[in-house]
Amino acid sequence: MFKPIYISEVNCVSPLGMDLESNWAALTKGESAIEGIDIGMLKEIDVARFADRPALLDDSLSFLENIMLHAALPLVSDKVITARTGFILSTTKGNIEKLASGSVEEAELGRLAGVLAQRLGFVSKPIVVSHACVSGLLAVSVGKRLIQMGQYDEVLVLAGDQVSEFVLSGFQSFQAMSSGPCRPFDAARSGVTLGEATAAAWLTDRKSEGIVQIMGEGAVNDANHISGPSRTGEGLVRSMQSAFQEAGISTGDIDFVSAHGTATLYNDEMEAIAFDRMGLSGTPTHSLKGYYGHTLGASGLLELAIAVKSLRENMLIPTKGFATLGTSKYLNIIQDLVPMDLNYCLKTASGFGGSNTAMILKKI
Amino acid sequence: MKETFYISSYITVATGQVFVNGQLGYSSTADSFATFVKEAVKNIQVDYPKFYKMDSLSKLAFAAAEYLLKDMPVEEDTAIILANRSGSLDTDYRHWGTIREEANYYPSPAIFVYTLANICTGELCIRHQFLAENAFFVADNYDSKSQHAYAEYLLLSGKAKRVLCGWVELFGEEYKAVLYLVEQTGVLPHTIEQIDQLFLI
């Protein structure tokens with residue numbers, strides 16, 4: 001009924017590297033960006049943060065704006081941007097640190113989108129998706145859907161969030177922070193480690209340019225609790241069912257799952273239940289949070305970019321921080337770098353507000 | 001793939017007034033948003049203790065949705081697609097106030113959880129048991145073209161049976177909500193022009 005949509009290019013910028021290739025190299029060597037540092041009033045806190053903020057492209061822009069441009073520019077530089085080219089930005093908190101300047105307008109997400117759109121040369125009105133920790137993945141769904149509806153021919157999806165005292169203090173007040181680097185799906189997991197990154201993807205309806213096809217996706221709410229995941233994983237299950245129905249494939253076709261895996265007790269347990277209900281328990285599954293921490297509105301797209309790279313390299317990345325399974329349902333957690341023929345990937349994300357998103361990718 | 005969808009119900013909340021399908025449904029002389037929204041909800045005999053724990057943005061979305069949905073049939077598969085200008089900045093500013101000074105450092109999880117714009121969509125899903133598609137957008141003005149396309153995608157693809165769309169903007173004492181339901185039957189055609197008309201009330 002709707003035309004197929006492809007991803008033709010992905011990129012990411014993180015403390016592990018300033019482009020996709022350097023990130024991939026770091027992941028395959030098992031490097032983690034997490035380390036203990038002082039941030040404002042918070043001392044010796046484990047985060048995945050740019051240690052030396054990289055040389056800024058433009059010092060009239062904020063750090064976040066710079067690293068978002070750094071992720072986007074390689075994708076945009078060889079493209080012809082028209083009114084039919086969409087620009088979708090994903091972030092939870094954007095330039096939230098600008099609240100300290102006393103100007104609330106400076107912290108508006110629309111302002112951030114406007115600055116980036118102008119620098120990147122977009123002429124269509126930017127769209128900002130701000131939907132907690134599923135934002136990055138949901139933004140890709142939004143781009144796909146709007147191309148399918150004929151609003152755009154191509155879309156740049158750009159995601160980013162940074163480590164801030166604003167978010168760290170909140171997660172601490174929730175007692176949701178890990179003691180030590182986070183340990184997704186592990187029996188000894190004790191919470192999240194926060195991180196910062198940006199990521200970008202170029203969506204198109206031209207098959208000749210596609211490196212993966214977005215086979216199906218869905219984003220269904222739990223309708224259960226604003227800060228706790230559903231105990232039954234209902235929203236995530238329905239998101240996956242929606243994605244599989246659209247893709248027209250079965251769970252047995254999936255070669256690996258790139259899970260959300262924040263390493264909180266409840267999130268990882270919820271995911272294990274949801275994957276079990278879907279019959280995905282035996283499918284190789286990882287979380288990348290042990291390398292990058294939880295990069296909030298960037299995480300879904302960052303992890304999608306790595307999943308695309310995994311498909312192309314035919315290589316499964318292990319779950320850093322994992323040693324012993326700590327969920328009530330079995331999961332086949334990837335523990336080693338495994339070369340394997342890969343064709344289909346399922347990427348999921350879940351977050352505050354009962355949000356969930358699932359997306360199935362197929363290598364072209 | 002040409003199918004026609006309709007707006008089956010719509011609502012505007014602004015400056016102490018609630019308009020239901022274009023008619024004045026409630027009016028208040030309250031001098032603050034907090035008092036107004038509490039009275040507006042009380043006016044239609046809503047008893048929902050969680051309402052009192054919500055931040056102002058969620059209270060606005062909640063009250064608007066109560067008026068929008070009160071005479072409509074129950075439909076679990078109602079997607080929620082909302083947008084605003086300020087995101088969660090009203091509550092962000094409150095949270096920032098709890099961490100800006102070392103001597104006064106007391107971040108609260110009850111405030112922090114509302115520092116995400118989409119929490120209000122989660123509140124509506126819980127209240128109405130909508131196990132359905134969600135998305136929250138931030139824009140300077142309501143992007144009726146994109147919202148129209150997105151809602152129609154959800155209905156055409158079968159990913160939702162009904163879509164609750166609209167604008168829920170709040171910062172301090174400045175607020176406005178415009179919500180509307182899109183489905184297969186209704187009173188107004190679901191067109192970009194018609195959506196723009198709803199914002200003129």
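Just so you know, these numbers come straight off a predicted model, no measurement behind them. In the text below, chain A, chain B and the rest are named by the order of the sequence lines, each starting its count at 1.
- Cation-pi check for B/K159 over B/Y153 is not met; the charged atom does not lie both under 6.0 angstrom from the ring centroid and within 45 degrees of its normal.
- Residue contact with chain B, scored on non-hydrogen atoms closer than 4.5 Å, involves the side chain of A/E246 exclusively.
- With a 4.5 angstrom heavy-atom cutoff, B/Y114 touches chain A only via side-chain atoms.
- In this structure, chain B has heavy atoms under 4.5 Å from both the backbone and the side chain of A/A100.
- The contact between A/N221 and chain B is made by backbone and side chain atoms together, counting heavy-atom distances below 4.5 Å.
- A/F352 has its ring centre less than 6.0 Å from the ring centre of A/F174.
- Proximity to chain B involves both the backbone and the side chain of A/L99, based on heavy atoms less than 4.5 angstrom apart.
- Contacts between A/L138 and chain B at a heavy-atom distance below 4.5 Å involve the side chain alone, from C-beta outward.
- The most heavy-atom pairs under 4.5 Å with chain A, out of B/P109, B/G122, B/S88, B/A83, come from B/P109.
- The pair A/D153-A/R84 meets the salt-bridge criterion, since a charged nitrogen lies less than 4.0 angstrom from a carboxylate oxygen.
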Report task. Check the pair B/E169 / B/S86 against side-chain hydrogen bond (donor to acceptor under 3.5 Å, both in side chains), numbers first and verdict last. Result -> CA-CA 7 Å; B/E169 164 63 14; B/S86 298; 2.6 Å; yes

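- Of the listed residues (B/T115, B/I111, B/I119, B/L131), the greatest number of heavy-atom pairs within a distance under 4.5 Å of chain A belongs to B/L131.
- Cation-pi check for B/R127 over B/F62 is not met; the charged atom does not lie both under 6.0 angstrom from the ring centroid and within 45 degrees of its normal.
- Checked against a 6.0 Å centroid threshold, the rings of B/F137 and B/Y150 count as neighbours.
- Salt-bridge check for B/K70 with B/E66: failed, with every basic side-chain N at 4.0 Å or more from each acidic carboxylate O.
- Between A/M177 and A/I45, the closest side-chain pair of non-hydrogen atoms falls below 4.5 Å.
- Checking side-chain atoms of A/R277 against main-chain N and O of A/T232 turns up a donor-acceptor pair under 3.5 Å.
- In this structure, no portion of A/V134 lies under 4.5 Å from any heavy atom of chain B.
- The line from CD1 of B/I44 to NZ of B/K42 is 13.0 Å long, rounded to the nearest 0.5 Å.
- Only the side chain of A/L42 comes within contact range of chain B, with heavy atoms under 4.5 Å apart.
- Residues forming a side chain to side chain contact (heavy atoms under 4.5 Å, CB included) with B/L155 (at least two apart in sequence, or on another chain): B/F5, B/V163, B/V182.
- B/L69 is listed as a side-chain neighbour of B/L164, based on a closest heavy-atom distance under 4.5 Å.
- Identified by a heavy-atom distance below 4.5 Å to chain A, the contributing residues of residues 95-105 of chain B are B/H95, B/W96, B/I99, B/R100, B/E101, B/E102, B/Y105, in residue-number order.
- For A/F171, the parts lying near chain B are the backbone and the side chain together; criterion is any non-hydrogen pair under 4.5 Å.
- Proximity to chain B (any heavy atom under 4.5 Å) is restricted, for A/I96, to the side chain, taken from C-beta onward.
- The contact between A/R238 and chain B is made entirely by side chain atoms (from C-beta outward), counting heavy-atom distances below 4.5 Å.
- In this structure, the portions of B/S146 lying under 4.5 Å from any heavy atom of chain A include both its backbone and its side chain.
- Highest contact tally toward chain B, considering only A/A223, A/A139, A/G353, is held by A/A223 [criterion: heavy-atom pairs under 4.5 Å].
- Comparing A/S169, A/G110, A/G354, A/G40 by heavy-atom pairs within less than 4.5 Å of chain B, the highest count is held by A/S169.
- If you tally non-hydrogen atom pairs under 4.5 Å between each of A/L146, A/V104, A/L109 and chain B, the highest count goes to A/V104.
- Considering only heavy-atom pairs separated by less than 4.5 Å from chain B, the leading option among A/T357, A/N224, A/T92 is A/N224.
- Using a 4.5 Å cut-off between heavy atoms, B/F130 contacts chain A through its backbone alone, with no side-chain atom that close.
- For A/S242, the parts sitting under 4.5 Å from any heavy atom of chain B are the backbone and the side chain alike.
- Ring to ring, A/F87 and A/F122 are close: their centroids are under 6.0 angstrom apart.
- Residues A/E106 and A/N95 are not in side-chain contact: their nearest non-hydrogen atoms beyond the backbone lie 4.5 Å or more apart.
- With chain A as partner, the option from B/L154, B/I126, B/D140 having the largest number of non-hydrogen pairs under 4.5 angstrom is B/I126.
- Counting heavy atoms of neighbouring residues, nucleotides and ligands inside a 6.0 Å radius, atom CD of B/E174 does not exceed 12 of them.
- Looking at A/Q241, neither its backbone nor its side chain comes within 4.5 Å of chain B, counting heavy atoms on both sides.
- Ion pair B/K161/B/E183 not flagged as a salt bridge, since none of the NZ, NE, NH1 or NH2 atoms sits closer than 4.0 Å to an Asp/Glu carboxylate oxygen.
- Of the residues listed (B/E3, B/R162, B/H190), the one engaging B/Q184 in a side-chain hydrogen bond (donor to acceptor under 3.5 Å, both in side chains) is B/E3, and it is the only one.
- Contacts between B/A135 and chain A at a heavy-atom distance below 4.5 Å involve backbone atoms as well as side-chain atoms.
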